[in-house]
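Residue numbers start at 1 and run along the sequence shown.
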Amino acid sequence: MEVVKVWMADSNVAKFPNSIRTTGLGSCVGVTLYDPVTKVAGMAHVMLPSSTLAKNDEFKSAKYADTALPELLQMVLKEGASKARLVAKMAGGAQMFNFAGGSDTMKIGPRNVEACKEALKKLGIRLIAEDTGGNSGRTVELFTETGVYLIKTASRETREI
């Protein structure tokens, strides 16, 4: 079994028997799409809620929820997944730092979570499980054999969703 890695502002696809993993989720969100029949999974490591935040020509679609998830959908469909069977799981979206005044602008984690949910809704993909919020970083891995999404944090026990 190989572990397919997903870097920050990146997306990738894994097929059975491999798993797919990303590390360093703070305010970022690790969103997975999984087809339980073909055992094809895709993961995006989303950093920001909207591509309207892009400031230069070096646009990286996997960085933003509104562009990462449509692209991830195309990637898993290309590998044989069926849109009708796809389910989503996600983790991350922590509020890693507290800022004076509590401005919503600085609440990147919660904004990322909401943007990912909205993007999934627009794509018609059901979110079946999530482990979001809090103030701890996460490492996540989805196993294509079972669809189990393993979540590791430094501050609590490992969870499966």
Side-chain angles (χ1 to χ4, degrees), residues 1-51 61-95 107-153 155-161:
M1 179 180 90
E2 178 186 338
V3 178
V4 176
K5 294 181 180 161
V6 178
W7 305 105
M8 188 178 291
D10 185 24
S11 56
N12 212 334
V13 174
K15 297 164 83 173
F16 176 78
N18 301 325
S19 65
I20 189 164
R21 178 190 304 155
T22 193
T23 61
L25 291 174
S27 61
C28 299
V29 178
V31 182
T32 61
L33 302 180
Y34 177 66
D35 180 337
V37 174
T38 60
K39 300 189 183 297
V40 171
M43 180 184 287
H45 185 133
V46 174
M47 291 180 64
L48 293 170
S50 172
S51 58
S61 59
K63 186 174 184 178
Y64 307 97
D66 64 331
T67 52
L69 298 184
E71 181 180 80
L72 185 63
L73 173 60
Q74 294 308 311
M75 291 170 70
V76 296
L77 294 177
K78 185 177 175 184
E79 293 299 323
S82 165
K83 184 178 177 186
R85 292 188 302 255
L86 284 175
V87 292
K89 294 182 179 180
M90 65 184 197
Q95 183 66 34
K107 295 180 179 175
I108 296 295
R111 290 175 52 212
N112 283 340
V113 170
E114 288 307 311
C116 288
K117 287 180 178 178
E118 184 63 30
L120 289 170
K121 186 176 177 182
K122 283 182 181 175
L123 295 172
I125 298 171
R126 192 167 47 107
L127 176 66
I128 62 168
E130 67 177 292
D131 181 60
T132 57
N135 56 9
S136 298
R138 295 169 171 94
T139 293
V140 295
E141 184 169 354
L142 186 124
F143 296 90
T144 57
E145 182 175 4
T146 60
V148 166
Y149 198 37
L150 186 70
I151 303 155
K152 296 178 182 177
T153 64
S155 61
R156 65 178 193 202
E157 293 181 19
T158 299
R159 291 188 59 203
E160 291 182 1
I161 60 173

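- In the displayed structure, Glu145 atom CD is contacted under 6.0 Å by at most 12 heavy atoms of other residues, nucleotides or ligands.
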Where do Thr139 and Arg21 land on the side chain to side chain contact (heavy atoms under 4.5 Å, CB included) test, with the steps shown first?
CA-CA 8 Å; Thr139 293; Arg21 178 190 304 155; 4.2 Å; yes
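- Separating the CG atom in Asn12 from the CG atom in Asp10 is a distance of 6.0 Å, to the nearest 0.5 Å.
- Leu69 contributes atom CG, which lies 10.5 Å from atom OG of Ser61 (distance to the nearest 0.5 angstrom).
- Of all non-hydrogen atoms in Ala68 and Ala44, the two that sit nearest each other are CB-CB, 4.2 Å.
- Looking at Ile20, Leu150, Asn18 one by one, the single match for side-chain contact (heavy atoms from CB on, under 4.5 Å) with Leu142 turns out to be Ile20.
- Between the side chain of Thr22 and the backbone N or O of Val6 there is at least one donor-acceptor pair closer than 3.5 Å.
- Under 3.5 Å, the side chains of Ser136 and Ser155 contain a donor-acceptor pair of N or O atoms.
- Looking only at side-chain heavy atoms (C-beta outward), Val76 and Glu79 stay at 4.5 Å or farther from each other.
- Side-chain contact between Leu33 and Leu120: present, with at least one pair of heavy atoms (C-beta onward) separated by less than 4.5 Å.
- Sorted by first and then second residue, the pairs that involve residues 80-92 and meet side chain to side chain donor-acceptor pair (under 3.5 Å), not counting sequence neighbours, are Asp35-Arg85.
- For Ala94 against Arg138, the heavy-atom pair with the smallest separation is CB-NH1, 4.1 Å.
- Listed here is the closest heavy atom pair of Glu71 and Ser11: OE1-OG, 3.6 Å.
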Apply side chain to side chain contact (heavy atoms under 4.5 Å, CB included) to residues Lys78 and Val13 and explain how you reach the verdict.
CA-CA 10 Å; Lys78 185 177 175 184; Val13 174; over 6 Å; no
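- With rounding to the nearest 0.5 Å, the separation of CD in Glu160 from NZ in Lys152 is 10.5 Å.
- Between Thr144 and Pro17, the shortest heavy-atom contact is OG1-C, 3.6 Å.
- Across all non-hydrogen atoms, the minimal contact from Leu25 to Ala91 is CD1-O, 3.7 Å.
- You'll find the side chain of Asp131 stays beyond 4.5 Å of the side chain of Val140, heavy atoms only.
- Heavy-atom minimum distance, Tyr149 versus Met43: CE1-CE, 3.8 Å.
- To the nearest 0.5 angstrom, Glu141 atom CD is 12.0 Å from Thr32 atom OG1.
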Passes side chain to side chain contact (heavy atoms under 4.5 Å, CB included), Leu127 versus Val31? Steps please.
CA-CA 10 Å; Leu127 176 66; Val31 182; over 6 Å; no
Would you sort out whether Tyr64 and Ser50 count as a side chain to side chain contact (heavy atoms under 4.5 Å, CB included), showing the intermediate values?
CA-CA 5 Å; Tyr64 307 97; Ser50 172; 5.7 Å; no
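- Looking only at side-chain heavy atoms (C-beta outward), Glu114 and Pro49 stay at 4.5 Å or farther from each other.
- Residue Lys63 qualifies as open at atom NZ: its count of foreign heavy atoms under 6.0 Å is 12 or below.
- Between Leu72 atom CG and His45 atom NE2 the span is 13.5 Å, to the nearest 0.5 Å.
- Remark: the backbone N or O of Met47 is paired with a side-chain donor or acceptor of Asn112 at under 3.5 angstrom.
- Shown here is Arg156, whose CZ atom has more than 12 heavy atoms of other residues, nucleotides or ligands within 6.0 Å.
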